[in-house]
There are 2 protein chains.
Amino acid sequence: MLYRNLLVTIGGRFMDNKKELPLCPVATTLGLIGNKWKILILRELLSGTKRFGELRSGIPGISQKVLTQNLRSMEEDGIIQRLVYAEVPPRVEYFLSDLGNTLRPIIDVMAEWGLGYQAMVKKNLYETEKMDV
Amino acid sequence: MLYRNLLVTIGGRFMDNKKELPLCPVATTLGLIGNKWKILILRELLSGTKRFGELRSGIPGISQKVLTQNLRSMEEDGIIQRLVYAEVPPRVEYFLSDLGNTLRPIIDVMAEWGLGYQAMVKKNLYETEKMDV
DNA sequence: TGCCTTAGTAACTTTTAGGAAGTAGGCACC
DNA sequence: GGTGCCTACTTCCTAAAAGTTACTAAGGCA
């Protein structure tokens, strides 16, 4: 593994150019998983190894190109690993590296917050409807 | 407060069109803070009320336009609140709403992970240098 | 009068994402 | 033996988003 690859992708136009870690830890984290697709990919892979097509169907709205781009970027950053089988039709498996697995708490907290928010919205809508009537 | 504004912004091209909550809690969360700028704005406001200019200088690389856009979006979503003083030169203060404050654990976990990552990179670089010599 | 201030907007350029079509290459089918 | 199928890309073109720069309002102050 190339340790230098761990130096990531912050500070450029889309935090993807300069090989330099920002001082702020939050910005450092965002340098690796700063867009929503990477987080959704992470969410998918937290439940285990997935093929390209499985990721695509598991993440509604993502295009092939963007999925490929983000997978490559995450592989470069050492978050995920890529395993190509010399078969026809082609088969490529993706799974989290040890580093990628350490990101699990972040997704957990986000999932937890999302659940609470969904519940709040549901409750508020209900009360709003009651008030409307 | 308009409760319906809590229904957010997921599923469109950039998760900002349809007023519909996704089933996945992670995607729900990403609908509100799915881009890096919002998370950095959140980080700034977690330490207290800030003026527009303070936010701008506290978040290196953000442009006026993008800061304005994200602040407006976060205000619509009920995460932050905006207070305009009728003064010249103008003064506008931003601060977290109660809802916005509930996002604190997410930023905390990201900061924690970022610290660990920074430490790892530093250590690995050091070892790599030793190996290179 | 002229210049300072800050938050925001408008016009314009660059970057990124989306969509559709093309590629590889072994296999099944007619 | 030609045709089509399968999957994981890749390429091309267009649309949308983000970035950059310049400009505005409107009172205070020299």
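What's counted below: heavy atoms across the whole structure, side chains too, no hydrogens, waters or symmetry copies.
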Exercise for review: Give me the residues of residues 47-60 of chain B where at least one heavy atom lies under 4.0 Å from an atom of DNA chain D, by number, or none.
Suggested key: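 Within this stretch, nothing sits under 4.0 Å of the strand.
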Review point. Any side-chain heavy atom of A/E44 sitting closer than 4.5 Å to one from A/I41?
Key: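 No; the side chains remain at least 4.5 Å from each other.
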Check your understanding: Considering only heavy atoms from C-beta outward, does the side chain of A/M110 approach that of B/L30 to under 4.5 Å?
Key -> yes
Is a side-chain N or O of [X] found less than 3.5 angstrom from the main chain of [Y], in a donor-acceptor match?
{"X": "B/S73", "Y": "B/Q69", "answer": "no"}
{"X": "A/S57", "Y": "A/G53", "answer": "yes"}
{"X": "B/D77", "Y": "B/I79", "answer": "no"}

Taking [atom1] from [X] and [atom2] from [N], how many angstroms apart are they, rounded to a whole number?
{"X": "A/R91", "N": "C/dA24", "atom1": "CZ", "atom2": "C1'", "value": "18 Å"}
{"X": "B/R82", "N": "C/dT6", "atom1": "CZ", "atom2": "P", "value": "17 Å"}
{"X": "B/N35", "N": "C/dT16", "atom1": "CG", "atom2": "P", "value": "15 Å"}
{"X": "B/Y85", "N": "C/dG8", "atom1": "OH", "atom2": "C1'", "value": "18 Å"}
{"X": "B/N70", "N": "C/dT9", "atom1": "CG", "atom2": "C1'", "value": "16 Å"}
{"X": "A/E75", "N": "D/dA8", "atom1": "CD", "atom2": "P", "value": "15 Å"}

Would you say [X] places a side-chain N or O within less than 4.0 Å of OP1 or OP2 belonging to [N]?
{"X": "A/W37", "N": "C/dT16", "answer": "no"}
{"X": "A/Q69", "N": "C/dA17", "answer": "yes"}
{"X": "B/Y94", "N": "C/dG8", "answer": "yes"}

Check your understanding: In this structure, which one of B/T28, B/T102, B/T29 forms a side-chain hydrogen bond (donor to acceptor under 3.5 Å, both in side chains) with A/W113?
Key -> B/T102
**Study point:** Nearest-0.5 Å distance that lies between atom CG in B/L83 and atom OG1 in B/T49
**Key:** 8.5 Å
**Study point:** Option among A/N35, A/I62, A/I59 that satisfies the side chain to side chain contact (heavy atoms under 4.5 Å, CB included) test with A/L40
**Key:**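 Of the listed options, the one satisfying the test is A/I59.
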Check your understanding: For A/I62 and B/V92, take the nucleotide of DNA chain C holding the closest heavy atom to each; which residue's nucleotide lies nearer the 5' end?
Key ->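 Nearer the 5' end of the strand: B/V92.
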Check your understanding: Heavy atoms under 4.0 Å, any strand shown: does B/S63 hit a base, just sugar-phosphate, or nothing?
Key -> base
Check your understanding: Is it the case that more than 12 heavy atoms not belonging to B/E112 sit under 6.0 Å from its CD atom?
Key -> no
Nucleotide of [options] approaching [X] most closely (side-chain heavy atoms):
{"X": "B/Q64", "options": "C/dG18, C/dA7, C/dT9", "answer": "C/dT9"}
{"X": "B/P90", "options": "D/dG19, C/dT6, D/dC9", "answer": "C/dT6"}
{"X": "B/V66", "options": "D/dG19, C/dG18, C/dT5", "answer": "D/dG19"}

Revision key, fill the gap. Rounding to the nearest 10°, end axes of the helix from C/dT1-D/dA30 to C/dC30-D/dG1 built from five pairs each make an angle of 30°
Check your understanding: A/K65 or A/R72: which one's nearest nucleotide on DNA chain D is closer to the 5' end?
Key -> A/R72
**Study point:** Nearest atoms (heavy-atom pairs only) where A/K50 meets A/L45
**Key:**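 Closest approach of A/K50 to A/L45: CB-CD2, 3.8 Å.
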